[in-house]
Each structure stands twice: as structure tokens, then as C-alpha cells.
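Every chain is numbered from 1, with letters handed out A, B, ... down the list of sequences. From a predicted model like this one, the values you see are computed outputs, not experimental measurements. Atoms considered below: every heavy atom in the structure, side chains included; atoms not considered: hydrogens, waters and symmetry mates.
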Protein chains: 2
Amino acid sequence: MLNGTNASGGPTAQLDDLDRKLLELLSKNSRRTNNSLAEELGIAASTCLARLNALRDSGVISRFTIEVDPQVLGRELEALIFVRIRPGARHLMANFATQMRDKPGVRQLFFLGGADDFVLHVAVRNSSDVRQFVLDNLSANPAVATTQTSLVFEHSHGTGEF
Amino acid sequence: MLNGTNASGGPTAQLDDLDRKLLELLSKNSRRTNNSLAEELGIAASTCLARLNALRDSGVISRFTIEVDPQVLGRELEALIFVRIRPGARHLMANFATQMRDKPGVRQLFFLGGADDFVLHVAVRNSSDVRQFVLDNLSANPAVATTQTSLVFEHSHGTGEF
DNA sequence: ATTGAAATTGTGTGGAC
DNA sequence: GTCCACACAATTTCAAT
């Protein structure tokens with residue numbers, strides 16, 4: 001299943017229709033039993049397991065995980081926070097990233113090239129919490145030049161094929 | 001496990017330490033066996049299963065899924081595309097969102113309140129593909145006023161607690 | 001809610017095509 | 001690469017606490 005080479009020298013996986021269908025089924029439910037997957041794909045359970053393991057081992061599947069709904073846990077408000085680092089503090093960007101990743105409420109962090117240096121995707125209880133988050137974690141940080149916060153009205157995941 | 005009410009009238013789940021630990025373990029590996037989870041939590045398998053089912057049924061876990069590494073599949077370049085909709089075309093925003101979500105390469109879509117109306121997170125093969133994506137799907141769309149594309153150097157998921 | 005025990009179901013290996 | 005068969009392991013139900 002691995003037979004190419006990508007730009008950074010790493011392996012590039014070549015998927016066939018079975019692999020793609022398996023990824024699709026696992027995206028919808030990563031906890032489905034191997035037997036059930038095999039049955040829907042019309043292949044033997046052992047074959048399905050071999051495919052699944054190959055997808056994991058080759059790194060196509062980087063992890064099996066869950067999506068937690070922040071709303072159900074009382075985090076009613078999501079926001080994107082655009083952050084610019086001070087020109088004199090660019091060397092602190094890697095540190096900044098790792099610090100922010102572990103803060104409660106942070107769901108994703110993008111390290112960008114362009115006008116803004118970072119985008120933080122956060123989920124918090126209310127607007128007071130997002131204000132507090134920015135004050136405590138960003139404005140207070142001497143490496144941060146400016147921030148701009150936008151409310152997230154809706155967030156969805158792509159359904160495009162692999 | 002469900003005993004609150006949130007702002008939009010929906011139920012708010014109240015988690016205990018066991019629930020939180022379970023979510024953490026499942027985030028790291030949603031395919032771990034129930035037995036293994038139960039053992040690490042120090043509870044009976046049947047208890048662990050009841051907790052897991054409760055988290056799913058209450059909507060705390062919205063789905064069990066996989067993370068697919070776009071790089072391994074030859075999509076070496078990720079970008080955020082910031083989109084503004086024309087003032088006269090605001091009524092088309094919902095349509096626009098559902099159209100974009102299914103395009104190949106689209107991983108996430110944020111519907112924002114603020115300067116930009118949408119942020120698209122895309123993963124494509126190379127810079128030529130991102131250019132093509134913008135031309136075909138955005139510039140060509142009469143509802144779109146402007147776009148701005150930023151390269152994603154790094155993308156990580158928050159590790160903050162629940 | 002949590003448990004242990006029991007019946008059902010799934011997993012993963014080895015050998016053959 | 002795919003399959004079947006088999007030994008082992010995990011899941012899930014249920015009565016009891």
C-alpha cells in the first residue's frame with residue numbers, strides 16, 4: 001500500500017477504493033468492530049484488519065479519537081482569535097504555541113504565514129470568559145503585539161473524499 | 001450524569017473525574033478496548049461500558065472518528081482562506097457553507113461574525129492547487145467579495161482538559 | 001451506579017490459495 | 001493480497017447489591 005515518495009522525503013500512501021471506503025466508515029465511527037467493517041466492505045475480517053493496521057502503521061490514520069461537543073459541556077461560545085507576535089519577539093513563537101495549546105478551552109492552534117501569526121480556536125462558557133482568556137493569556141504576554149477576536153457562528157468538518 | 005440546563009435550553013452534562021479521565025483516554029485512542037479502559041480506570045468493564053454509552057448518548061461525545069494525515073496522502077500544503085461575502089449576497093451564506101463543505105480538500109469551515117464571514121481550512125497538494133481552488137470555488141462565485149489566503153505552517157489540537 | 005458471571009460476539013494468528 | 005478456521009479475548013446483558 002505504500003509505494004510513493006513525497007516532497008519532504010516521506011512515504012506517500014497510495015490508496016485503493018477499499019482503503020478509501022474504510023477511511024470513510026472509520027471517520028463516521030472509529031469504534032465500529034472490525035467484523036462489522038469487513039461485512040460492509042464485503043471482505044474477510046482478517047483482510048479488513050490487515051488494511052486497517054496498514055492504514056494506521058503507514059500514518060494515513062494518525063489517530064483514533066473522539067469529538068467532544070463543547071456546548072453540551074457548557075462551553076456555549078466558540079471564537080477564533082487572531083494573534084500577531086511582536087517583530088522583536090518572533091523567536092518566542094514556538095514557545096508561545098506550546099504554551100497556548102495546553103490552556104483550557106483551546107481546541108486548535110494554527111501557526112500561519114501571512115498577516116497574522118497564529119489563529120486560536122477556543123470554546124468557552126460565555127463572552128466574559130473569552131475576554132478573560134484574551135486578557136490573561138494574550139494581552140498579558142509581552143510577545144503578543146495585537147489580537148482580534150471573531151465569534152464562531154458555526155463550525156463544520158469537511159466531508160470531501162480522501 | 002445529566003443534571004443541568006444550558007442557555008439554549010439543551011441539557012448540560014455534569015462530568016465527574018471518571019468521565020473526564022475516560023474522555024481523555026478515548027481522545028488519545030478511541031479504539032481502545034473497553035476492558036483496557038476499565039482496567040486503567042480501576043472499574044469493572046460493565047461500569048466502564050455504561051459510562052461510555054452515557055457519554056455518547058448524552059451528546060458529550062458527538063462522534064468516534066479518525067484523524068487522517070493529509071501529508072501522507074500527498075496533500076503537502078494546508079491553508080486558511082478568509083472569505084468575505086458581498087453585502088448584497090448575505091442571504092446566500094448558508095448555501096455557500098454547505099457547498100464548500102463537500103469540496104475535495106476542505107477540512108473545516110468556520111462561519112464567523114466579524115470582519116470575515118468564513119474561514120476555510122484546506123489541505124491540497126501544492127500551491128498551484130490552492131490557487132486553482134480559490135479561482136474555481138471562490139473567485140468564480142458571485143456571492144464572494146474577497147478572499148485572503150494564509151499558509152498553515154503548523155496545526156495542532158488543544159490538549160486542554162474537559 | 002456498580003458489580004461478577006455467563007452467553008454472545010469479535011480479534012488476531014497461522015496455514016493454504 | 002485474500003481467505004478460512006481456530007484459539008483466545010472482549011463485549012454486552014442481567015440479576016443482585
What integer distance in Å separates L41(B):CG from dT2(C):P?
11 Å
Strand contacts (DNA chain D) in residues 15-30 of chain A, 4.0 angstrom heavy-atom criterion:
none
F82(A): ring-ring contact (aromatic ring centres under 6.0 Å, His included) partners, not counting sequence neighbours
F82(B)
Would you call the rings of F111(B) and F153(A) parallel, tilted or perpendicular, where under 30° means parallel and over 60° means perpendicular?
perpendicular
Interatomic distance, I43(A) CD1 vs dG12(C) P [rounded to whole Å]
15 Å
Within this structure, what is the CD-to-P distance between E39(B) and dT3(C), rounded to whole angstrom?
14 Å
Mind telling me whether H155(A) and F110(B) have parallel, tilted or perpendicular rings, with 30° and 60° as the class edges?
parallel
Identify all pairs in which a protein N or O lies below 3.5 Å from an N or O of nucleotides 9-13 of chain D, and state each distance.
unit_1, atom_1, unit_2, atom_2, d
dT11(D), OP1, N34(B), N, 2.8
dT11(D), OP2, N34(B), N, 3.0
dT11(D), OP2, N35(B), N, 2.7

For Q108(B) and Q108(A), does a side-chain donor sit closer than 3.5 Å to a side-chain acceptor?
yes
Distance check: side-chain N/O of R51(A) vs OP1/OP2 of dT2(D), anything under 4.0 Å?
yes
Show me the donor-acceptor pairs within less than 3.5 Å that the side chains of residues 132-144 of chain B make with the rest of the protein, sequence neighbours left out.
unit_1, atom_1, unit_2, atom_2, d
Q132(B), NE2, D136(B), OD1, 3.3
S139(B), OG, V134(B), O, 3.4
N141(B), OD1, A143(B), N, 2.9

Output side-chain donor-acceptor pairs under 3.5 Å for residues 41-56 of chain A, partner residues at least two apart or in another chain, one line each.
unit_1, atom_1, unit_2, atom_2, d
R51(A), NH1, D16(A), OD1, 2.9
R51(A), NH1, D16(A), OD2, 2.9
R51(A), NH1, D19(A), OD1, 3.0
R51(A), NH1, D19(A), OD2, 3.3
R51(A), NH2, D16(A), OD2, 3.0
N53(A), OD1, R56(A), NH2, 2.4
N53(A), ND2, L49(A), O, 3.4

Please answer: with hydrophobic residues joined when any side-chain heavy atoms are less than 4.5 Å apart, are L109(A) and L77(A) in the same cluster?
yes
Would you kindly say whether S30(A) and S30(B) are connected by a side-chain donor-acceptor distance under 3.5 Å?
yes
May I ask you to check whether E154(A) and S156(A) show a side-chain donor-acceptor distance below 3.5 Å?
no
Parsed dot-bracket for DNA chain D after applying the Watson-Crick and G-U rules with both distances under 3.5 Å and | for other-strand partners is |||||||||||||||||
Contact between L120(A) and L80(A) at the side-chain level, heavy atoms closer than 4.5 Å - yes or no?
no
Phosphate-side-chain proximity, T47(A) and dC3(D), N/O vs OP1/OP2 below 4.0 Å
yes
Taking all non-hydrogen atoms of both residues, which atom of V130(A) and which atom of A79(A) are closest, and how far apart?
CG2-CB, 4.2 Å
